[in-house]
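Naming convention: chains lettered A, B, ... in sequence-line order (proteins, then strands); numbering from 1 in each chain.
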Protein chains: 2
Amino acid sequence: MDMEEGTSDSPGHRCDTDPDPWQWDRREDCEVRQILDRIADKWSLLVIALLQGRTLRFTELKRQIDGISQRMLTSTLRQLERDGLIERTVHPVVPPRVDYALTPLGSTLHSTVQALVTWTELNQNEIAAARARYDSAATSRA
Amino acid sequence: MDMEEGTSDSPGHRCDTDPDPWQWDRREDCEVRQILDRIADKWSLLVIALLQGRTLRFTELKRQIDGISQRMLTSTLRQLERDGLIERTVHPVVPPRVDYALTPLGSTLHSTVQALVTWTELNQNEIAAARARYDSAATSRA
DNA sequence: CAGGATCCTGAGGGATACTG
DNA sequence: CAGTATCCCTCAGGATCCTG
């Protein structure tokens, strides 16, 4: 399979020695950057959101997430499991049944992410307006 | 140029009619998803972080952000400007001088994002431990 | 200095077929 | 049902060269 392998990570805790608070992560190999990239990817947030407060099986997740391929769902679930954000439970029955649920760690992430989603919801009109302004200005220039 | 064009967005406010609170964004074309994807991309967060509380010029940003190409810096800045998160000021001098600063909207985003960064910093050890467990289990299985 | 225009690669990710 | 294994293709994004 072509599933990504465990990138050799953790070069350090803080990313550089600059004391300025806005200097957290200029380096590409920064650990925080890596984690951020992972949870902010195309599907992870969706999965975490859907698992909030309940357990779902593979097919249920697939049905809930519009447009995901089973390849990517599998991959996403494996990553999240590896990071300790979700728990995978295989029931030894036939046909197989596999349940996914958030770990406590995953739950704390959800509430944090929720703040970002709320920000987006609150400000999407303002952003849309800014885009409209920008685009019309660009169009009139052309 | 190959800079991305204004994707025809805004299909609706909430993403679907499901009343469940964890159902915000199953659809791919969801407006919240779009905004989230944009601000969570490889470089946007870095730029916003660096502009917190100060103004920087193009070259200063490029120097601060390790590994970014000028192509991507330009692209990122344009996106953020279009979304109304940063302001671009061209000084009519020679050689040209262009300053970038956060708008008020951009500032509010920064504090929200900071919560996510803080979460990551707080939990990176736990995540690293989870990965180590997962990887060693996978290795022993092979 | 700030960025536009091109070329090109590689990883992300879809579609499909197969299996325990 | 819950995956795995392949093939294949798009496109984000780096490298490079060029201008006002």
Side-chain angles (χ1 to χ4, degrees), chain A residues 1-7 28-29 33-34 37-47 50-51 55-82 86-101 138 141-142, chain B residues 1-5 7 28-29 33-34 37-47 51 55-82 86-101 138 141-142:
Chain A
M1 59 172 165
D2 70 352
M3 300 277 144
E4 307 75 38
E5 248 330 285
T7 51
E28 282 195 76
D29 56 344
R33 282 289 304 282
Q34 286 183 26
D37 283 352
R38 177 125 328 152
I39 64 185
D41 77 0
K42 197 175 180 184
W43 304 113
S44 295
L45 289 179
L46 279 299
V47 171
L50 286 170
L51 289 179
T55 291
L56 290 177
R57 330 177 35 172
F58 186 87
T59 311
E60 290 172 335
L61 280 167
K62 181 152 170 35
R63 208 176 329 125
Q64 297 269 351
I65 302 178
D66 178 79
I68 196 171
S69 64
Q70 127 274 53
R71 184 190 179 316
M72 286 318 295
L73 180 55
T74 302
S75 170
T76 300
L77 290 169
R78 289 291 178 283
Q79 299 291 350
L80 293 174
E81 185 193 4
R82 184 169 108 96
I86 65 173
E87 188 181 16
R88 177 170 179 269
T89 311
V90 182
H91 297 90
V93 297
V94 44
R97 175 192 182 95
V98 181
D99 285 339
Y100 292 93
R141 222 176 300 130
Chain B
M1 59 170 166
D2 72 351
M3 302 273 144
E4 308 74 38
E5 248 330 285
T7 51
E28 281 196 78
D29 56 344
R33 281 291 304 283
Q34 286 183 24
D37 283 352
R38 178 125 328 153
I39 64 184
D41 78 2
K42 197 175 180 185
W43 305 114
S44 295
L45 290 178
L46 278 300
V47 170
L51 289 178
T55 291
L56 291 176
R57 338 181 21 176
F58 187 88
T59 311
E60 290 171 334
L61 279 168
K62 180 152 171 37
R63 208 176 330 124
Q64 297 269 350
I65 303 178
D66 179 79
I68 197 172
S69 64
Q70 148 266 55
R71 184 190 182 307
M72 286 319 295
L73 180 55
T74 302
S75 171
T76 300
L77 290 169
R78 289 291 177 282
Q79 299 290 351
L80 294 174
E81 185 194 3
R82 183 170 109 97
I86 67 173
E87 188 181 16
R88 178 171 179 268
T89 310
V90 183
H91 298 89
V93 297
V94 43
R97 176 193 182 94
V98 180
D99 285 340
Y100 293 92
R141 221 174 301 130

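- At least one donor-acceptor pair under 3.5 Å links the side chain of A:Ser44 to the backbone N or O of A:Arg38.
- Between A:Arg78 atom CZ and D:dG3 atom C1' the separation is 7 Å, expressed in whole Å.
- Proximity of B:Tyr100 to the phosphate of C:dG3: a side-chain N or O atom is located under 4.0 Å from OP1 or OP2.
- For C:dC1, neither phosphate oxygen OP1 nor OP2 lies less than 4.0 angstrom from any side-chain nitrogen or oxygen of B:Arg63.
- Judged by distance alone, with hydrogens and angles left aside, the side-chain atoms of A:Ser75 form no donor-acceptor pair with the main-chain N or O of A:Arg71 at under 3.5 Å.
- In this structure, of C:dC1, C:dG4, C:dG13, it is C:dC1 that holds the atom nearest to the side chain of B:Arg57.
- For B:Arg97, the salt bridge (charged side-chain N to carboxylate O under 4.0 Å, His left out) partners two or more places apart in sequence, or in a different chain, are B:Asp99.
- Nucleotide D:dG13 holds its C1' atom 13 Å from the NZ atom of B:Lys62, rounded to whole Å.
- Considering only the side chain of A:Trp43, C:dG14 comes nearest among C:dG14, C:dC1, D:dG3.
- Distance A:Glu60 CD to D:dG3 P: 13 Å, rounded to the nearest Å.
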Nucleotide-resolved protein contact map, nucleotides 15-20 of chain C, B/S/- at heavy-atom distance under 4.0 Å | BBB--B
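- Every side-chain contact (heavy atoms from CB on, under 4.5 Å) that A:Val90 has, sequence neighbours left out, goes to A:Arg88, A:Val98.
- For the atom pair B:Leu56 CG and B:Ile65 CD1, the distance stands at 9.0 Å (nearest 0.5 Å).
- In this structure, B:Met72 places its CE atom 15 Å from P of D:dC11, rounding to the nearest Å.
- Residue B:Lys42 has its side chain nearest to D:dG13 when only D:dT4, D:dA2, D:dG13 are considered.
- Protein atom CG of A:Asp41 is 14 Å distant from nucleotide atom C1' of C:dA11, rounded to whole Å.
- For B:Thr74, taking side-chain heavy atoms from C-beta onward, the closest of the listed nucleotides D:dA2, C:dG4, D:dT4 is C:dG4.
- Between A:Leu61 and A:Ile68 there is no side-chain heavy-atom pair separated by less than 4.5 Å.
- For the pair A:Phe58/A:Leu77, a side-chain contact is recorded, criterion being any heavy-atom separation below 4.5 Å from C-beta on.
- What separates CD1 of B:Ile68 from P of C:dG3 is a distance of 12 Å, to the nearest Å.
- In this structure, B:Leu73 atom CG and D:dA15 atom C1' are separated by 16 Å, rounded to whole Å.
- What separates CD1 of B:Ile65 from P of D:dG13 is a distance of 13 Å, to the nearest Å.
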